[in-house]
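Reviewing the structure listed below.
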Protein chains: 2
Amino acid sequence: MHTPQSAFRALADPTRRDILVMLRGRDLSIGEVAENFDMTRAAVKKHLTVLSDGGLITTVTRGRERISSLNPEGIAPVCDWFAFFEGFWDTRLAALKDAIEKDTE
Amino acid sequence: MHTPQSAFRALADPTRRDILVMLRGRDLSIGEVAENFDMTRAAVKKHLTVLSDGGLITTVTRGRERISSLNPEGIAPVCDWFAFFEGFWDTRLAALKDAIEKDTE
DNA sequence: CTTTTATAAAACCAAATGGTATCATGTCAA
DNA sequence: TTGACATGATACCATTTGGTTTTATAAAAG
């Protein structure tokens, strides 16, 4: 795995995006992550697997726990893809802003 | 629709991301988009519907054709979400870079 | 050693997804 | 008007996805 596709796929689910937000604060075990959701640990673990496949998190075993952390490198492919559009979004949004300003004159 | 979720969902499929790249060049009818893929027009139209639901494209009818265009505003919710992480990615990547540089000294 | 705790792994299920084929509709051209 | 063309809409299908339950394994606690 670890293709750009797997990263985009991982980001498509709201639960997984919430997990990323949670991990921004601090590293968490599967159980700790699961406490914040109304679903089983098994389900949460599956989401963590998808996030790991997408390269968005890394995991290390600590005793009987498995700790997940955000992986800053993992977001790179996604950012690269967006960068391809940046020029477009920027110029179009600027044009839009101009149009609105002219309209309100 | 037009929720952040629908935008993330739309971006999760490689065909749909390819369509966005194609539209960056110029506006296209469904048939023109479909020429670039090995699937039926109906399938392409479904993808365009998902992209439209996500707010990533806009469409206008021109005669019997339906022209799709990139919607620069549509990407905003996605960018906002990433912005929430920007500090994290930046500082961590900087730390990583430092570590690598120190390692090579 | 026994029990609890944290996770792994697999089987299973309903719903969503990505695709097809088919038919209806509206527009352009002859 | 007639026919060709571009799309819309629907029904249908196989696969994937997000979830549960159950069983197994390994580490921590008593």
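By convention in this document, chain letters (A, B, ...) are assigned in the order of the sequence lines, proteins followed by strands, and residues within each chain are numbered from 1.
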Report task. Measure from CG on B:L28 to P on D:dA6 and round the result to the nearest Å. Result -> 14 Å
Query raised in the report: Does B:S29 make a side-chain N or O approach to OP1 or OP2 of D:dA6 shorter than 4.0 Å?
Result: no
Query raised in the report: Expressed in angstrom and rounded to an integer, what is the separation of A:R41 atom CZ from C:dA9 atom P?
Result: 17 Å
Query raised in the report: Would a hydrophobic clustering, with Ile, Leu, Val, Met, Phe, Trp and Tyr connected at side-chain separations under 4.5 Å, put A:L51 with A:I67?
Result: no
Query raised in the report: Quick one: what's the B/S/- string for nucleotides 23-30 of chain C, heavy-atom cutoff under 4.0 Å, read 5' to 3'?
Result: ----BS--
Report task. Write down the distance between CD1 (A:I30) and C1' (C:dA8), rounded to a whole number of angstrom. Result -> 8 Å
Query raised in the report: Has the side chain of B:R24 got a donor or acceptor atom that lies under 3.5 Å from a matching backbone atom of A:F84?
Result: yes
Report task. Kindly work out whether a path of hydrophobic side-chain contacts (I/L/V/M/F/W/Y, heavy atoms less than 4.5 Å apart) joins A:F37 to A:V50. Result -> no
Query raised in the report: Starting at the 5' end of DNA chain D and moving along, which residue's nearest nucleotide shows up first, A:M39 or B:E65?
Result: B:E65
Report task. Take the protein atom NE2 of A:H47 and the nucleotide atom P of C:dA9, then report the distance between them rounded to whole Å. Result -> 18 Å
Query raised in the report: Do any side-chain nitrogens or oxygens of B:R66 fall under 4.0 Å of OP1 or OP2 in D:dG8?
Result: yes
Report summary line: Between NZ of B:K45 and C1' of D:dT10 the distance, given in whole Å, is 10 Å
Report task. Identify whether any heavy atom of A:T61 sits under 4.0 Å from a base atom; if not, whether one sits that close to sugar-phosphate; answer base, sugar-phosphate or nothing. Result -> nothing
Report task. Please tell me if the side chains of B:N71 and B:L56 come closer than 4.5 Å, counting only heavy atoms from C-beta onward. Result -> no
Query - Validation row: B:K46, B:R16 side chains within 4.5 angstrom (heavy atoms) - result: no
Query raised in the report: Where along residues 4-18 of chain B does a heavy atom come under 4.0 Å from DNA chain C, residue by residue in number order?
Result: B:R9, B:D13, B:R16
Query raised in the report: To the nearest Å, how far apart are A:K46 NZ and D:dT21 P?
Result: 13 Å
Query raised in the report: Nearest to the side chain of B:A42 - D:dG8, C:dT20, C:dT7?
Result: C:dT20
Query raised in the report: Is any NZ, NE, NH1 or NH2 atom of the basic residue among A:R26 and A:E32 found under 4.0 Å from an Asp or Glu carboxylate oxygen of the other?
Result: yes
Query raised in the report: Does a donor on one side chain and an acceptor on the other come within less than 3.5 Å for B:S69 and B:D27?
Result: yes
Query raised in the report: Hey, does B:V78 have a side-chain heavy atom less than 4.5 Å from the side chain of B:D80?
Result: no
Report task. Measure up the B:F8 and B:F82 rings against each other and bin them: parallel (under 30°), tilted (30 to 60°), perpendicular (over 60°). Result -> tilted
